[in-house]
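One structure below.
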Amino acid sequence: MSGAGTKNKNDDTAELRSVAPAAESATESSIGSFGGDNSRAASESKSALRNFLTNPILHLLLIITLCMLCFGRTLSSFFLADDIGEVRYICQIFDGHWNLFWSNFTGNYMQVPNMAVYRPMLLLSLVVDYFFWRGNAVGYYISNLLFFSGSACLLYVFLRQLTHDWNKGRSSIAAIFAAALFAASPLHCESISWIVGRVDSLCCFFYLSALASFMQGRISPTARRPICTVAGVVFFWLAICTKEMAIGLAPVLAAIAFIWPDAGSNLTVNENNESPSLKKRLLSAWKFSRPIWISTAAYFVVRLLALGTLLGGYGGSVGASQSASALTKWMDPDSWRRLFLPFSSTVFSAGNPYEPALFCTYAVLVGLVFVRALAGSLPWKFIAFLAIWALTQLAPIYRLFGIGANLEGARFCFFFSLSFSSLLPILLFAPASKQIPEKLALRLSLMAGIALTIATVVLAKAAYASNLVWIHAGKEVRAVLNDAIRLSNNSSKSKYIVLGIPIEHGGVHMILNGSTFEMLLNKPF
């Protein structure tokens, strides 16, 4: 009886549903075409606006614009410190000493004493710049800005790939905020406004290209996967031959496949709707990351043949000093504070308003995360991945970690800023569980968007101001060079004593010593 009643009720409901469209159509006809056209036009306008706001091209243009607003004035700077020696080295190659070029593929980078590093791609990037620009620093800084902007854009691309099963709007917002925080970080002045600092941004550009290639193969049709894998392996070799930081790519790929087993291999769920077993997850992780594990092993063979060592890095008294002070630096609360609040002491006084503003913004963001935690809506899989990603970025710098009062050494945290910048946007814009009411979820997202926008603006202001120190240092080196040339041309004496050569200012190295000054007075400068 109950079943029959239910059946009749369902039949009635189905009949009403079938009649409803016809009734709505008749109503629209009775109203007339004017109202229908307006409704259709409004719907189309909303759809067009939504498509425009979620357009990846627009997002990438915004990211590039932010990079240029923060660091674009770098183009007016000049060579600094190690730049002078390295460009002089390239000049010797073009003067016919091609053995200096090939020795970087068979041995230590630029034959630098007390340092064992294999970085032929870094040298090749400088060779290409020298071919076009010779002693004009503008071209070198154009390359630096391109590598950095490209890295910021690729971070956006990778996070969109990682969150491809989210709502399109949430995925876009999380990715663009993460890329914006990365692009506006004052920690990146060394990597952009110091020509040889490009080693991190160039390596990161290739590293993220490899990561994005593998992710594209993962979410693309099976037929395209071999092409994406080959591209990923090529980019990995370009990255690892630029700097050793790319060594963490294999465990990152393994972590992705372990946490989110590939749907194409039927490992997401089984017939009983259960999660894949540990064995199947490990198998998925190995299959996805295998090409890079093999490439990593091959790299160590090449490194051993070229350098005679697997580890490398700084040696002698410098390396011993780094090892002795490593633990102290990791335990230094000031280094960690500057990582979160990157304000140079030369640029920002103790009472500046930006540091408390950023601190308060962080407090709001952490509070929003806490609300989601209470509601049980934290994306634990993403948290696990970001933790592993951060570990692979920190482990290679175990002897180099530490940020000075003027943000000296911040370049060593360049890779770590990828996961660091991604954390809050991922936590705050991940799809909420059903435990959070829709209105509350909307308000939390709105507050998160406002707070992240404020954080980005404050960081951008700090980055712009901090970068001016580097630009002025470069201009001062150029002024010293011009004055030295003028003195040489106007004097009949053969020797001079020059006092007051600038060595360092605000954490920026300028002219290191007499040898650097002598190179500055020669070709190609």
Side-chain angles (χ1 to χ4, degrees), residues 66-67 69-71 152 155 173-174 176-191 329-374 378-379 382-383 386-387 389-390 393-394 401-430 443-469 506-507:
L66 181 59
C67 292
L69 288 175
C70 293
F71 301 103
L155 176 61
I173 292 172
I176 196 169
F177 270 122
L181 291 173
F182 175 82
S185 176
L187 298 175
H188 297 153
C189 294
E190 281 186 337
S191 301
K329 291 180 178 178
W330 282 99
M331 300 299 292
D332 181 11
D334 286 334
S335 287
W336 289 100
R337 181 179 62 82
R338 294 182 193 109
L339 189 63
F340 289 89
L341 302 170
F343 295 95
S344 169
S345 61
T346 296
V347 180
F348 296 93
S349 61
N352 76 86
Y354 299 104
E355 188 166 338
L358 185 59
F359 180 84
C360 292
T361 305
Y362 282 149
V364 171
L365 292 168
V366 171
L368 294 175
V369 173
F370 184 69
V371 171
R372 293 199 61 162
L374 290 177
L378 290 181
F382 284 93
I383 293 174
L386 290 174
W389 199 21
Q393 295 159 349
L394 289 173
F401 178 80
I403 303 176
N406 291 311
L407 306 184
E408 307 98 320
R411 67 186 185 280
F412 297 120
C413 297
F414 190 90
F415 268 69
F416 176 65
S417 63
L418 294 171
S419 55
F420 180 69
S421 300
S422 304
L423 178 60
L424 287 173
I426 290 292
L427 292 182
L428 292 168
F429 291 104
R443 290 174 182 173
L444 289 176
S445 296
L446 181 61
M447 292 177 64
I450 294 172
L452 286 170
T453 301
I454 294 173
T456 301
V457 171
V458 173
L459 288 172
K461 170 64 178 179
Y464 181 86
S466 299
N467 199 51
L468 289 178
V469 177

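None of these values were measured; they are calculated from a predicted model.
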What heavy-atom pair brings [X] and [Y] nearest, and what distance separates the two atoms?
X	Y	answer
A448	L365	O-CD2, 4.0 Å
P425	A178	CG-N, 3.7 Å
S419	Q393	OG-OE1, 2.6 Å
V469	G506	CG1-O, 4.0 Å
R411	S191	CB-OG, 3.6 Å
V364	A451	CG1-CB, 4.3 Å

Calculate, to the nearest 0.5 Å, the distance between atoms [atom1] and [atom2] belonging to [X] and [Y] respectively.
X	Y	atom1	atom2	value
L358	K461	CG	NZ	14.5 Å
Y362	I454	OH	CD1	13.0 Å
L181	I176	CG	CD1	11.0 Å
H188	N467	NE2	CG	12.0 Å
L386	S422	CG	OG	6.0 Å
I450	M447	CD1	CE	8.0 Å

Answer yes or no: is there a side-chain heavy-atom contact under 4.5 Å between [X] and [Y]?
X	Y	answer
F182	S185	no
C70	L66	yes
F370	V366	no

(Q) Angle between ring planes, W330 versus F401, binned at 30° and 60°: parallel, tilted or perpendicular? (A) parallel
**Q.** Verdict with supporting geometry, L452 and F429, side chain to side chain contact (heavy atoms under 4.5 Å, CB included)
**A.** CA-CA 11 Å; L452 286 170; F429 291 104; 3.5 Å; yes
Q: Flag yes if more than 12 heavy atoms outside Y354 fall under 6.0 Å of its OH atom; otherwise flag no.
A: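 Counting neighbours around OH of Y354, 12 or fewer heavy atoms of other residues, nucleotides or ligands fall under 6.0 Å, so no.
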Q) Just wondering, are more than 12 heavy atoms of other shown residues or ligands nearer than 6.0 Å to CZ in R443? A) no
Q: Compute the centroid of each ring, for F340 and then for F420, and state whether the two points are separated by less than 6.0 Å.
A: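 Under 6.0 Å, so yes.
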For residues 341-349, which side-chain donor-acceptor pairs fall under 3.5 Å, sequence neighbours excluded?
residue: S344; atom: OG; partner: T346; partner atom: N; Å: 3.4
residue: S344; atom: OG; partner: N406; partner atom: OD1; Å: 3.2
residue: S345; atom: OG; partner: A405; partner atom: O; Å: 3.4
residue: S345; atom: OG; partner: N406; partner atom: OD1; Å: 3.0
residue: T346; atom: OG1; partner: N406; partner atom: OD1; Å: 2.6
residue: T346; atom: OG1; partner: N406; partner atom: ND2; Å: 3.4

Q: Look at the side chain of E355 and the backbone N and O of A350, then say whether any donor-acceptor pair between them is shorter than 3.5 Å.
A: no
Q.
I'd like to know if the side chain of R372 reaches the main chain of L444, judged simply by a donor and an acceptor atom lying under 3.5 Å from each other, with no hydrogens or angles considered.
A.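 No; judged by distance alone, with no hydrogens or angles, the pair does not exist.
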Q. What's the verdict on side chain to side chain contact (heavy atoms under 4.5 Å, CB included) for L407 and C189, showing C-alpha distance, side-chain angles and the deciding distance?
A. CA-CA 9 Å; L407 306 184; C189 294; 5.9 Å; no
**Q.** Sole candidate of L428, T453, I426 that passes side chain to side chain contact (heavy atoms under 4.5 Å, CB included) when paired with F177
**A.**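 The single option meeting the side chain to side chain contact (heavy atoms under 4.5 Å, CB included) with F177 is T453.
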Q: Just do the side chain to side chain contact (heavy atoms under 4.5 Å, CB included) check on V458 and T361 with the steps written out, would you?
A: CA-CA 10 Å; V458 173; T361 305; 5.5 Å; no
